[in-house]
Structure formats: C-alpha cells, structure tokens
Amino acid sequence: ENISIQKGRYRFTNENLNNPKAVDYYNIDLDAESLVVDGDDIYINIDALSFDDFRGLKVSKLKTCFSITPREMNFQELVIQTRDSDIRGEILFSYDEGGLDDFENDVFINADFDRATIATNDLIHFYDEFGKNHKFYMQNTLVRGTLNDFKVLHANISGLDRSFVK
C-alpha cells in the first residue's frame, strides 16, 4: 500500500545538548510504499520525500530503499536533491544496539557515493565557515568511519574553485 504525508512536521529535541532543538523538519511531503514491520526491523521504499529544515536547508527530493534495525540504518539507491545539490549513492550506519546516543562518535558510517554535486550553500546551514556559491563533485568515492573520525577512500573529488582530491 502507498503511504503519503502532506505538509507534515517532525521535531526532535534533546535537552542534554547545548541547543536542544536537534531536528525540526516542516513542509514534509512523503510518497512511500511497501512498508514492512518485522519485529524491531522496519523496511520502506521512499519514492519521494521533501522537507524544509529549521536551519534553512530545503530538500526537494529524497528517494531510497530504507531499512532500520536495532543495529543498522541502511539507505540503498539513495538520491538526495536540493536546488543546488544532487547526491547519489548508498549509506549504511552501523551501531551497537541502543548506540545512537553519541551518534558523532559511536555510529560507523560506510558510504559509497556513485556521484554527487554538493553545494556549499547547502552545507553552510550546518557549518558556516564554507564560502557561498561553490560546488564540489564526487565520483566513486567511499567514506568510512564515524562523523568525528572518518576516512575518504578511493577519492575522486573536485571543485571549490580548482581543488582536486584523488
């Protein structure tokens, strides 16, 4: 069966953070199908998800075959698009059961980006030291590790004026 949401909102606060408002998405539109709940495991095909983030990021399309278990979140055939960015690949987040509390240090990321165009205008909302109106491009690039300790493998990254990482 199809699942749809129009003009939805999702908020998550964590009073243990300096800024308790961790997530606030609004204008959520969702078109999904094939929801399966098997005990603690959830599977869903997200055909189209769009939303606005309270920091200013506007995701115009997110598409993926998504699953979450007590030890993994998996985004297969992932497409993320904004006005200026287009990211395609696969991302697997692995963690110990109940291990999402310290996401930046404890969740292992295994990401494979087939191709991506990432605009600094989209990143500024999370880290304001990026310059405006620049883009970088990735092709067949692998990322492994946690958010606070990751490695880029098989890098094929260009952009930000005349920069290359191979």
Side-chain angles (χ1 to χ4, degrees), residues 10 12 14 17-19 22-25 28 30 32 40-166:
Y10 174 77
F12 176 76
N14 182 341
L17 298 176
N18 291 337
N19 182 2
V23 175
D24 186 359
Y25 299 149
I28 298 172
L30 170 70
D40 291 338
D41 303 346
I42 301 171
Y43 307 88
I44 190 167
N45 292 334
I46 299 172
D47 298 320
L49 170 65
S50 62
F51 59 88
D52 298 335
D53 178 84
F54 76 99
R55 290 168 282 242
L57 179 69
K58 296 179 183 299
V59 174
S60 55
K61 182 178 184 181
L62 186 150
K63 180 179 179 178
T64 189
C65 296
F66 174 75
S67 64
I68 185 168
T69 72
R71 296 182 172 271
E72 291 183 345
M73 270 190 288
N74 199 354
F75 297 81
Q76 295 179 318
E77 301 173 31
L78 178 64
V79 175
I80 302 173
Q81 296 175 329
T82 69
R83 189 183 76 198
D84 298 316
S85 298
D86 185 352
I87 301 166
R88 295 169 189 263
E90 314 247 335
I91 303 175
L92 175 66
F93 297 101
S94 302
Y95 41 86
D96 291 334
E97 195 162 335
L100 292 173
D101 291 340
D102 189 4
F103 191 92
E104 294 89 354
N105 295 301
D106 293 340
V107 176
F108 189 84
I109 301 166
N110 186 349
D112 183 357
F113 298 103
D114 299 328
R115 63 184 168 93
T117 301
I118 301 173
T120 57
N121 292 349
D122 292 331
L123 299 175
I124 286 172
H125 303 292
F126 303 95
Y127 182 72
D128 62 6
E129 297 300 319
F130 283 105
K132 290 184 178 181
N133 301 319
H134 294 284
K135 292 185 180 180
F136 64 93
Y137 308 92
M138 294 191 304
Q139 210 170 358
N140 302 319
T141 299
L142 308 176
V143 177
R144 304 287 185 270
T146 65
L147 281 178
N148 283 337
D149 185 21
F150 65 87
K151 292 184 169 76
V152 177
L153 309 170
H154 306 289
N156 188 354
I157 303 170
S158 62
L160 301 176
D161 197 14
R162 295 175 298 260
S163 301
F164 293 94
V165 178
K166 290 192 181 242

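Starting from 1, each residue takes its place in the sequence as its number.
Taking every heavy atom of both residues into account, Phe108 and Arg144 meet most closely at CZ-CB, 4.1 Å. Contact record, Asp106 with Gly99: CB-O, 4.0 Å, taken as the closest heavy-atom pair. Closest approach of Ser85 to Asp122, counting heavy atoms only: OG-OD2, 2.5 Å. For the residue pair Tyr10 and Ile28, the shortest heavy atom distance occurs at N-CD1, 3.6 Å.
Sorted by first then second residue, the salt bridge (Lys or Arg N to Asp or Glu O under 4.0 Å) pairs that include residues 46-56, not counting sequence neighbours, are Asp52-Lys58, Asp53-Arg55. Applying the side chain to side chain donor-acceptor pair (under 3.5 Å) rule to pairs touching residues 61-74 yields nothing, sequence neighbours excluded.
Note: Phe75 CZ to Leu92 CG = 10.0 Å, rounded to the nearest 0.5 Å. The CG atom of Leu147 sits 10.5 Å away from the CG atom of Asp149 when rounded to the nearest 0.5 Å. Atom OH of Tyr43 sits about 11.0 Å away from atom CD1 of Ile68, to the nearest 0.5 Å. With rounding to the nearest 0.5 angstrom, the NE2 atom of His154 is 10.0 Å from the CG atom of Asn140. Note that CD1 of Ile87 and CD1 of Ile118 are 4.5 Å apart. Values are rounded to the nearest 0.5 Å. Atom CZ of Arg83 and atom CG of Leu57 lie 11.0 Å apart (nearest 0.5 Å).
Between the side chain of Thr120 and the main chain of Gly131, a donor-acceptor pair closer than 3.5 Å is present. Panel note: side chain Arg88, backbone Ile80; no donor-acceptor pair is recorded below 3.5 Å. For Asp112 (side chain) and Leu142 (main-chain N/O), no donor-acceptor pair under 3.5 Å exists by modelled atom type. Within the 3.5 Å criterion, the main-chain N or O of Phe113 finds no donor-acceptor partner in the side chain of Thr141.
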Please assess Val59 against Ser50 for the test side chain to side chain contact (heavy atoms under 4.5 Å, CB included), listing each intermediate value before the final yes or no. CA-CA 5 Å; Val59 174; Ser50 62; 5.7 Å; no

As a quick check of understanding, evaluate side chain to side chain contact (heavy atoms under 4.5 Å, CB included) for Leu123 and Phe136, giving each step before the final call. CA-CA 11 Å; Leu123 299 175; Phe136 64 93; 3.8 Å; yes

Might you work through the side chain to side chain contact (heavy atoms under 4.5 Å, CB included) test for Met138 and Arg115, ending with a clear yes or no? CA-CA 5 Å; Met138 294 191 304; Arg115 63 184 168 93; over 6 Å; no

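Within a 6.0 Å radius of CZ in Phe150, other residues, nucleotides and ligands contribute 12 heavy atoms or fewer.
Phe93 pairs in a side chain to side chain contact (heavy atoms under 4.5 Å, CB included) with only one of the listed residues (Leu100, Ile109, Asn110), which is Ile109.
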